[in-house]
Amino acid sequence: MNGKKFTQFLLEWNKALNNRPMPWKGEKDPYKVWLSEVILQQTRVEQGWAYYEKFVKQYKDIKALAKASDEAVFKLWEGLGYYSRCKNLLFTARTVAEKYNGVFPASYEEIVQLKGIGPYTASAIASFCFNLPYAVIDGNVFRILARVFGIDTPIDSTAGKKQFKELAEQLLDREQPGIYNQAIMDFGATVCKPALPLCSSCHLNSICAAFKNATVSNLPVKEKTLQKKLRWFSYFIFHANDTTFIHKRTAKDIWQNLFEFYLVESDAAPSWTDDKVETLLATRLGIKQFSNVTVITALPQQLTHQTIKGYFISINLAEVPQVLSGANDRWVTTEQMKNLPFPGFINQHLQNKNIQASLF
DNA sequence: AAATCGGGGTC
DNA sequence: GACCCAGATTT
């Protein structure tokens with residue numbers, strides 16, 4: 001075990017060679033650190049960067065965020081994915097505003113109890129803001145430790161999680177946990193990268209087991225592989241009286257709390273002939289008067305665990321049907337739609353339509 | 001312990 | 001197409 005040298009070399013690298021600017025780096029305000037960490041959960045720094053800047057500009061402190069409307073905050077989060085993060089962000093902002101009078105709690109135990117904050121995020125906040133000795137364990141840390149110490153225990157196994165956690169806590173510089181945690185993540189993102197790591201110029205290659213054994217590309221090990229589902233979404237865009245029908249998604253499924261048009265999901269690829277559209281409108285919605293049916297093939301959207309394909313079917317209705325006025329249903333103008341969050345699958349379609357319209 | 005939850009980048 | 005990303009929550 002080369003623990004002492006690992007920590008020493010990492011901090012040396014950090015001081016001499018780490019040049020990675022980020023807007024939240026060195027930040028001590030728990031609100032901003034928390035916000036950045038939640039945005040960055042399973043999200044690349046480059047992708048989260050602009051979202052962080054939008055949020056801190058729009059909501060200066062946690063009380064301001066707590067007072068914001070759900071829809072305004074979801075609109076700001078739109079396109080970032082994993083929308084339960086946004087839901088929990090709002091919940092925790094309101095918890096801190098009420099229960100803690102707007103002052104972020106300063107102990108790990110209190111922090112980790114907040115919604116949307118797990119072991120990683122709590123460790124990050126505790127170390128960055130309060131100099132508490134908690135080691136962050138994220139994808140970077142798993143990868144670096146697996147390579148440097150030559151550990152092939154699967155990182156997604158129970159044994160692996162325990163083993164890497166113990167090692168990470170052992171390696172932490174307890175005098176400067178914030179500096180150390182920032183350093184190890186910067187190192188993973190810029191040197192010990194998932195693909196094509198910079199081994200030949202790495203400051204730690206003299207103590208790296210994987211470099212010595214030429215097993216860098218085999219580490220870390222994962223045991224589970226994900227499989228992707230294919231889903232067919234046909235969205236009926238109903239227009240009536242200069243408004244459009246939209247629906248807020250509330251099911252335990254993707255895109256919860258985002259809006260959509262009238263959805264018909266099918267197991268296999270549908271074919272929307274005039275007859276099938278007519279039958280569907282009549283049987284499911286009791287609609288008999290309609291016009292200007294246009295069917296457009298959607299651009300497929302790749303999610304991590306599923307592929308979404310489908311169609312957008314635009315239809316003019318003579319009047320608003322009774323069945324489409326549930327609690328989560330709305331008829332909105334184009335202007336109102338702009339302030340509401342939609343999935344990328346839908347925004348993609350709306351954008352393409354605007355581009356085509358502007359050509360005339 | 002396993003399944004879910006997005007969207008974007010890299011190879 | 002497969003894998004990964006400053007993970008957390010639910011089942």
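Just so we're on the same page: letters track the sequence lines, and every chain starts at 1. Everything quoted here is computed from the prediction, not taken from an experiment.
With 3.5 Å as the limit, one finds no donor-acceptor pair spanning the side chains of A/E109 and A/Q113. A/Y262 and A/R284 are linked by a side-chain donor-acceptor pair at a separation below 3.5 angstrom, with hydrogens and angles left out of the test. A/Q41 and A/Y120 form no side-chain donor-acceptor contact under 3.5 Å, judged by distance and modelled atom types alone.
Taking only side-chain atoms of A/K229, from C-beta outward, the nucleotide of C/dC5, B/dT4, C/dA6 with the closest atom is B/dT4. The side chain of A/R44 sits closest to B/dG8 out of B/dG8, B/dG7, C/dG7.
Take the nearest nucleotide of DNA chain B for A/Y83 and for A/A195: the residue whose nucleotide is more 5' is A/Y83. With DNA chain C read from its 5' end, the first of the two nearest nucleotides for A/K228 and A/A122 is the one closest to A/K228. With the nearest nucleotide of DNA chain B identified for both A/K224 and A/S84, A/K224 has the one nearer the 5' end.
For A/K222 and C/dC3, the shortest distance from a side-chain N or O to OP1 or OP2 is not below 4.0 Å. A sub-4.0 Å separation between OP1 or OP2 of B/dG7 and a side-chain N or O of A/W255 is present. Within the structure, a side-chain polar atom (N or O) of A/K252 is placed less than 4.0 Å from OP1 or OP2 of C/dT11. For the pair A/Q301 and B/dG7, the criterion of a side-chain N or O lying under 4.0 Å from OP1 or OP2 is met. OP1 or OP2 of B/dA1 sits under 4.0 Å from a side-chain N or O of A/T158. OP1 or OP2 of B/dT4 has not a single side-chain nitrogen or oxygen of A/Y82 nearer than 4.0 Å. At C/dA8, one or more side-chain N or O atoms of A/T121 fall inside 4.0 Å of OP1 or OP2 (strictly under the cut-off). For A/Q306 and B/dC5, the shortest distance from a side-chain N or O to OP1 or OP2 is below 4.0 Å. Using a 4.0 Å cut-off, no side-chain N or O of A/Q42 falls inside it from OP1 or OP2 of C/dC5.
Straight-line distance between the P atoms of C/dA6 and B/dC5: roughly 23 Å, to the nearest whole Å. Taking atom P in both B/dG9 and C/dA8, the straight-line distance is 23 Å, to the nearest Å. Between B/dA3 and C/dC3, the two P atoms lie 16 Å apart (nearest whole Å).
In the interface, the side chain of A/T43 is paired with the base of B/dG6 through a donor and an acceptor atom under 3.5 Å apart. Taking only distance into account, the side chain of A/Q47 never meets the base of B/dG8 through a donor-acceptor pair shorter than 3.5 Å. Side-chain atoms of A/R85 and base atoms of B/dC5 include no donor and acceptor less than 3.5 Å apart.
Results of the ring-ring contact (aromatic ring centres under 6.0 Å, His included) test with A/F236 over A/F312, A/F290, A/W272 single out A/W272 as the only residue that passes.
Heavy atoms of A/K193 sit nowhere under 4.0 angstrom from any nucleic acid atom. Counting any heavy atom pair closer than 4.0 Å across all strands shown, A/A124 reaches no nucleic acid atom. A/G48 comes within 4.0 angstrom of no nucleic acid atom, judged by non-hydrogen atoms across all strands. A/V45 comes within contact range of at least one nucleobase, with a heavy-atom separation under 4.0 Å. Across all strands, A/T304 comes closer than 4.0 Å to base atoms (heavy-atom distances). The residue A/L226 sits apart from the nucleic acid: no heavy atom pair falls under 4.0 Å.
Rounded to a whole Å, the CG atom of A/D156 is 12 Å from the P atom of C/dC3. In this structure, A/I39 atom CD1 and C/dA8 atom P are separated by 15 Å, rounded to whole Å. Protein atom CD of A/E260 is 12 Å distant from nucleotide atom P of B/dG6, rounded to whole Å. We find that CG of A/D253 is positioned 10 Å from P of B/dT4, with the value rounded to whole Å. The separation between A/W24 atom CH2 and C/dA6 atom C1' is 9 Å, rounded to whole Å. One atom, OH of A/Y51, and another, P of B/dG6, lie 13 Å apart when rounded to the nearest Å. Per the geometry, CG belonging to A/N257 stands 20 Å off P belonging to B/dT4, to the nearest Å. Atom P of nucleotide C/dC4 and atom CZ of A/R143 are separated by 9 Å, given to the nearest angstrom.
Residues A/W49 and A/M22 approach most closely at CH2-CA, 3.8 Å, considering heavy atoms.
Using a 4.5 Å heavy-atom threshold, the side chains of A/F6 and A/I184 count as touching.
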Residues A/Q182, A/N18; criterion side chain to side chain donor-acceptor pair (under 3.5 Å); working and verdict: CA-CA 10 Å; A/Q182 184 63 56; A/N18 183 9; over 6 Å; no
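Between A/F245 and A/H247, the two ring planes are parallel [angle under 30°; tilted spans 30° to 60°].
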